[in-house]
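Heads up: the structure comes next, in structure tokens.
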There are 2 protein chains.
Amino acid sequence: MALRHAVLAALLDEELSGYQLAKAFDLGVANFWHAQPQQLYVELARLEKEGLITGREVVQDNRPNKRLFRVTEAGLAELERFTSSAPRPSFIRDDLVVMVQAADHVDPAELIRQLGERAVFARAKIDLFDRLLHAMRGERSEADFLRTGTRVGPYLTCLRGLAFERGNLEWCERSVSVLREREHRA
Amino acid sequence: MALRHAVLAALLDEELSGYQLAKAFDLGVANFWHAQPQQLYVELARLEKEGLITGREVVQDNRPNKRLFRVTEAGLAELERFTSSAPRPSFIRDDLVVMVQAADHVDPAELIRQLGERAVFARAKIDLFDRLLHAMRGERSEADFLRTGTRVGPYLTCLRGLAFERGNLEWCERSVSVLREREHRA
DNA sequence: TTAACCATGTAATCCGTTACATGATTCA
DNA sequence: TGAATCATGTAACGGATTACATGGTTAA
């Protein structure tokens with residue numbers, strides 16, 4: 001029971017179609033959760049059936065019609081209930097970290113390569129998050145925006161995503177330099 | 001196909017029973033993955049059947065017998081294969097972050113409470129990781145240990161866990177102070 | 001004597017991923 | 001002409017959580 005609330009939270013500020021939601025959740029632009037398009041269409045159908053969201057058909061020329069969803073009163077109440085319940089603790093679950101755990105028993109050159117690839121990916125996400133944050137706060141300073149802006153929730157979650165990717169990047173760089181130096185000695 | 005490799009990686013340096021593994025994975029002491037005891041017993045049975053680990057019965061007085069597992073040649077080869085394959089990207093998936101995404105539409109007092117609780121939890125894990133790292137490197141400095149120590153994999157993954165929890169803590173504290181100040185103005 | 005710890009499992013359910021399926025439009 | 005984008009779904013499978021099940025030992 002977790003994706004439903006992520007979807008509700010994503011639909012709070014704007015009406016979105018399944019396709020639009022999917023793009024956000026798939027690319028991880030919605031840095032607070034991740035899901036495949038298929039899962040979203042299923043979840044949207046369920047949420048609508050339960051009355052937590054409503055969809056309206058939008059007819060388009062030259063491209064397929066789409067359905068835009070927004071959160072209902074019942075949906076908002078469900079979110080309110082969710083935010084009062086105990087969140088489960090969050091854990092790292094990352095293939096790459098498992099690989100590094102085995103570092104002393106596998107080919108270091110492979111690991112260095114993998115860590116390098118992840119670093120590239122992390123840098124791209126950091127750039128993306130920087131741009132998103134700037135777009136949200138406009139010309140205001142961050143401190144000013146967080147004090148007086150109208151929507152700070154998405155900004156705060158984006159800050160978490162940014163810090164997470166910075167953590168990834170630093171750890172990759174550190175690990176590569178450690179493994180490189182040990183290769184030289186060996 | 002992800003837990004199996006975490007289990008293999010965990011068994012590289014020491015023979016462990018299902019129960020011991022479960023404690024590590026459950027508390028998140030094994031900071032590179034997380035799993036429930038039930039899942040581990042199933043996975044251990046599977047891995048043994050496939051010949052990637054072997055178990056030996058250890059008879060004990062005054063407490064139930066246990067089975068200690070270690071990685072076989074085939075298991076090591078499987079890990080080697082795994083570290084050469086593409087890891088799937090890692091995403092944040094955290095109830096608390098979803099709650100903060102909805103910050104502008106739900107009760108801020110509740111959020112502040114939740115963030116405070118998570119901060120306490122994060123501090124405890126930071127302490128734990130600090131102690132684990134110290135135990136691993138002994139009297140050596142970190143830099144020295146990473147250059148010349150015999151097992152750096154577990155140390156590096158622990159560093160990732162530490163940085164992750166520090167990121168959690170900082171973000172919780174920052175978010176609390178932002179929400180507090182906005183409450184005052186409202 | 002009650003709770004916590006040691007020790008191992010099965011079964012049901014739910015959540016998430018991968019594969020399958022369709023079809024129009026726009027840009028290179 | 002082929003790839004990317006827009007747009008929405010179903011089905012099969014596999015991974016993860018929760019509930020159920022058992023039973024001895026140790027410390028408060």
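Within every chain, numbering begins at 1; the chains are lettered A, B, ... in the order of the sequence lines, protein sequences first and strands thereafter.
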Atom pairs under 3.5 Å, N or O on each side, protein against nucleotides 1-6 of chain D: can you list them with distances?
{"from": "D:dC6", "atom 1": "OP2", "to": "A:Tyr19", "atom 2": "OH", "distance (Å)": "2.8"}

Quiz item: Given C:dA24, is OP1 or OP2 found less than 4.0 Å from the side-chain N or O atoms of A:Asn62?
Solution: no
Quiz item: Once you round it to whole Å, what is the distance between C1' of C:dC15 and NE2 of A:His34?
Solution: 14 Å
Practice problem: Indicate yes or no: does A:Arg46 engage A:Glu43 in a salt bridge with an N to O separation below 4.0 Å. | Solution: yes
Exercise. Kindly say whether B:Gln36 contributes a backbone atom to a donor-acceptor pair with the side chain of B:Asp26 at under 3.5 angstrom?
Key: no
Practice problem: Check the distance between D:dC20's C1' and B:Tyr41's OH and give it to me in whole angstrom. | Solution: 16 Å
Self-check item: Distance-only polar pair, side chains of A:Thr83 and B:Glu110, donor-acceptor under 3.5 Å
Solution: no
Quiz item: Atom CG of A:Leu40 and atom P of D:dA7: how far apart are they, to the nearest Å?
Solution: 15 Å
Quiz item: In whole Å, what is the span from the CD atom of B:Gln20 to the P atom of C:dC5?
Solution: 15 Å
Quiz item: For B:Glu48 and C:dT8, what is the distance between atoms CD and P respectively, to the nearest whole Å?
Solution: 12 Å
Quiz item: Is there a donor-acceptor contact under 3.5 Å from the side chain of A:Trp171 to the main chain of B:Leu156?
Solution: yes
Quiz item: Relative to each other, are the rings of A:His34 and B:Phe91 parallel, tilted or perpendicular (30° and 60° limits)?
Solution: parallel
Pick out the pairs of N or O atoms, protein on one side and nucleotides 13-16 of chain D on the other, that lie under 3.5 Å.
{"from": "D:dG15", "atom 1": "OP1", "to": "B:Met1", "atom 2": "N", "distance (Å)": "3.1"}
{"from": "D:dA16", "atom 1": "OP2", "to": "B:Gln39", "atom 2": "NE2", "distance (Å)": "2.6"}
{"from": "D:dA16", "atom 1": "O5'", "to": "B:Gln39", "atom 2": "NE2", "distance (Å)": "3.2"}

Quiz item: Starting at CG of B:Leu68 and ending at P of C:dC6, how long is that distance when rounded to a whole Å?
Solution: 14 Å
Quiz item: Are any side-chain N or O atoms of A:Arg4 and backbone N or O atoms of A:Leu52, one a donor and one an acceptor, separated by less than 3.5 Å?
Solution: no
Exercise. Enumerate the residue pairs fulfilling side-chain hydrogen bond (donor to acceptor under 3.5 Å, both in side chains) with a member in residues 63-73 of chain B, sequence neighbours excluded, ordered by first and then second residue.
Key: B:Glu48-B:Arg67
Quiz prompt | Check: A:Phe82 main-chain N/O paired with A:Ser85 side-chain donor or acceptor under 3.5 Å | solution = yes
Quiz item: Are there more than 12 heavy atoms of other residues, nucleotides or ligands under 6.0 Å from atom CD of B:Glu57?
Solution: yes
Quiz item: For A:Arg67 and D:dT8, what is the distance between atoms CZ and P respectively, to the nearest whole Å?
Solution: 9 Å
Practice problem: Starting from P on C:dT8, measure out to CD on B:Glu57 and report it in whole angstrom. | Solution: 9 Å
